[in-house]
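Everything below concerns the one structure shown next.
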Amino acid sequence: MAFTKLSIEAAGADATRGSFPPSETDVWTIFRALRDARSVFGLRPGHIQTLQAMLSFLKPGHGETVFASNNSLCQRVGGIDERTLRRHINRFVELGFIKRNDSSNRKRYRVRSSGGECISYGLSLTPLLQRASELIAIAQEMENNRRDRIFVRKQILTKLAHLEEHDPSNAFINHARKALRRKLSLPEYHALLANTDAECQSLSTPDDPPETMELPANDGQTVRHQSKSEEEKKI
């Protein structure tokens, strides 16, 4: 696969999601961002494999249009049938990542005039590349969320181990471990962490203070009292 450098415009990017990438963006960086964020757009691994095959047909300096035939694309994906390929392409068109520029005979090719003007018939990936900033920001946000969920989960497990060590019969332990078997959202993890903290704090109740006894004003009085008692016994 050729690593093509393409100029990407930040048109339509959501600035609130994160910083924009530089103007020169590796097309495979955009691909990986969409691959990692595919669940946001309802894409399956098969869709991503089809997109990977289409991107592999791009050549440096030849634009962002795929001219490969359906048969060539099917073979490069790994031998999928043409019906599945068309379904994948239609999905990308619906999402606004691909634009069809069909010729009259449905063939994919490029024609140039004597003056250097060019018309490309094929599958244009320009819309995908123009959404580079958006896709990269979404993928980064998802990665940050994943890391935060792992971090909070580890905190919960550590506190549960502490709780189990000091109070093995605590019913909250089983409740929390059952909850951790599910795929929780970050707010759900934070809520469980707060409940776990509350259970751990309940173990930290202060002990009853030791009993105190009244002592004389000073040690000298005690010594004199003991000596006097001994003298009385001897008499």
Side-chain angles (χ1 to χ4, degrees), residues 1-15 17-18 20-142:
M1 296 181 182
F3 284 77
T4 310
K5 292 289 185 178
L6 300 171
S7 297
I8 308 300
E9 298 179 4
D14 185 357
R17 290 186 177 272
F20 294 146
S23 58
E24 288 291 320
T25 303
D26 184 353
V27 66
W28 294 108
T29 298
I30 304 171
F31 165 77
R32 287 190 293 272
L34 181 57
R35 177 198 63 192
D36 296 342
R38 66 180 183 272
S39 60
V40 174
F41 301 97
L43 296 173
R44 298 189 300 274
H47 293 103
I48 301 304
Q49 292 172 358
T50 297
L51 178 62
Q52 184 177 24
M54 286 191 284
L55 286 171
S56 70
F57 279 102
L58 295 182
K59 297 180 181 179
H62 289 74
E64 297 88 34
T65 299
V66 176
F67 301 108
S69 65
N70 284 354
N71 183 55
S72 297
L73 287 170
C74 288
Q75 290 179 358
R76 186 157 297 189
V77 172
I80 65 172
D81 58 86
E82 190 169 337
R83 182 179 179 182
T84 301
L85 176 68
R86 287 197 299 268
R87 188 169 61 250
H88 289 174
I89 293 175
N90 288 339
R91 181 58 180 154
F92 285 117
V93 173
E94 292 171 359
L95 292 171
F97 292 133
I98 291 178
K99 180 181 179 182
R100 280 195 180 92
N101 294 323
D102 294 329
S103 64
S104 56
N105 59 3
R106 302 290 180 176
K107 299 294 184 180
R108 297 166 186 161
Y109 57 92
R110 173 182 294 162
V111 292
R112 294 181 183 274
S113 68
S114 59
E117 294 178 313
C118 176
I119 299 178
S120 297
Y121 297 106
L123 301 171
S124 175
L125 298 178
T126 300
L128 170 68
L129 305 181
Q130 288 177 336
R131 295 174 66 176
S133 297
E134 173 194 354
L135 296 174
I136 292 172
I138 292 175
Q140 184 61 56
E141 183 178 346
M142 293 182 67

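Every value quoted in this text rests on a predicted model; they were computed, and no experiment measured them. No hydrogens, no waters, no symmetry mates; every other heavy atom, side chains included, goes into these values.
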Evaluate Ile80 against Gln49 for side-chain contact (heavy atoms from CB on, under 4.5 Å), listing each step before the verdict.
CA-CA 10 Å; Ile80 65 172; Gln49 292 172 358; 5.8 Å; no

Before you tell me yes or no, could you show the steps for Phe31 and Asp26 under side-chain contact (heavy atoms from CB on, under 4.5 Å), namely the whole-Å CA-CA distance, both residues' side-chain angles and the distance that decides it to 0.1 Å?
CA-CA 9 Å; Phe31 165 77; Asp26 184 353; over 6 Å; no

Under 4.5 Å between any side-chain heavy atoms of Arg86 and Asn70, yes or no?
yes

Measure the shortest side-chain to side-chain distance between Arg91 and Thr50 over non-hydrogen atoms and say whether it is less than 4.5 angstrom.
no

Can you check whether His47 reaches Arg38 side chain to side chain, under 4.5 Å on heavy atoms?
no

His88 (side chain) donor-acceptor with Leu85 (main chain) under 3.5 angstrom
no

Here the gap from Ile89 atom CD1 to Ile98 atom CD1, rounded to the nearest 0.5 Å, amounts to 6.5 Å

Using only atom types and a distance under 3.5 Å, with no angle test, would you say the side chain of Arg76 pairs donor to acceptor with the backbone of Leu73?
no

Is any side-chain heavy atom of Phe57 closer than 4.5 Å to one of Leu123?
no

Residue pair Leu95 / Leu43, side-chain heavy-atom distance below 4.5 Å
yes

If you look at every heavy atom in Lys99 and Pro127, which pair is closest and at what distance?
CB-CG, 4.1 Å

Go through Leu135 and Leu128 one step at a time and tell me if the side-chain contact (heavy atoms from CB on, under 4.5 Å) criterion holds.
CA-CA 9 Å; Leu135 296 174; Leu128 170 68; 3.6 Å; yes

Might you point out which heavy atoms bring Leu58 and Glu64 nearest each other, and give the distance in Å?
CD2-C, 3.8 Å

Residues Asp36 and Ala139: closest non-hydrogen pair is CB-CB, 4.3 Å

Considering only heavy atoms from C-beta outward, does the side chain of Phe41 approach that of Leu34 to under 4.5 Å?
yes

What distance do Gln75 atom CD and Ser69 atom OG have between them, rounded to the nearest 0.5 Å?
7.5 Å

Could you walk me through whether Arg100 and Val93 pass side-chain contact (heavy atoms from CB on, under 4.5 Å), step by step?
CA-CA 8 Å; Arg100 280 195 180 92; Val93 173; 3.8 Å; yes

Between Ser39 and Met142, which heavy-atom pair has the shortest distance, and what is it?
OG-CE, 3.5 Å

Do Tyr121 and Lys107 come close enough that some side-chain heavy atom pair is under 4.5 Å?
no

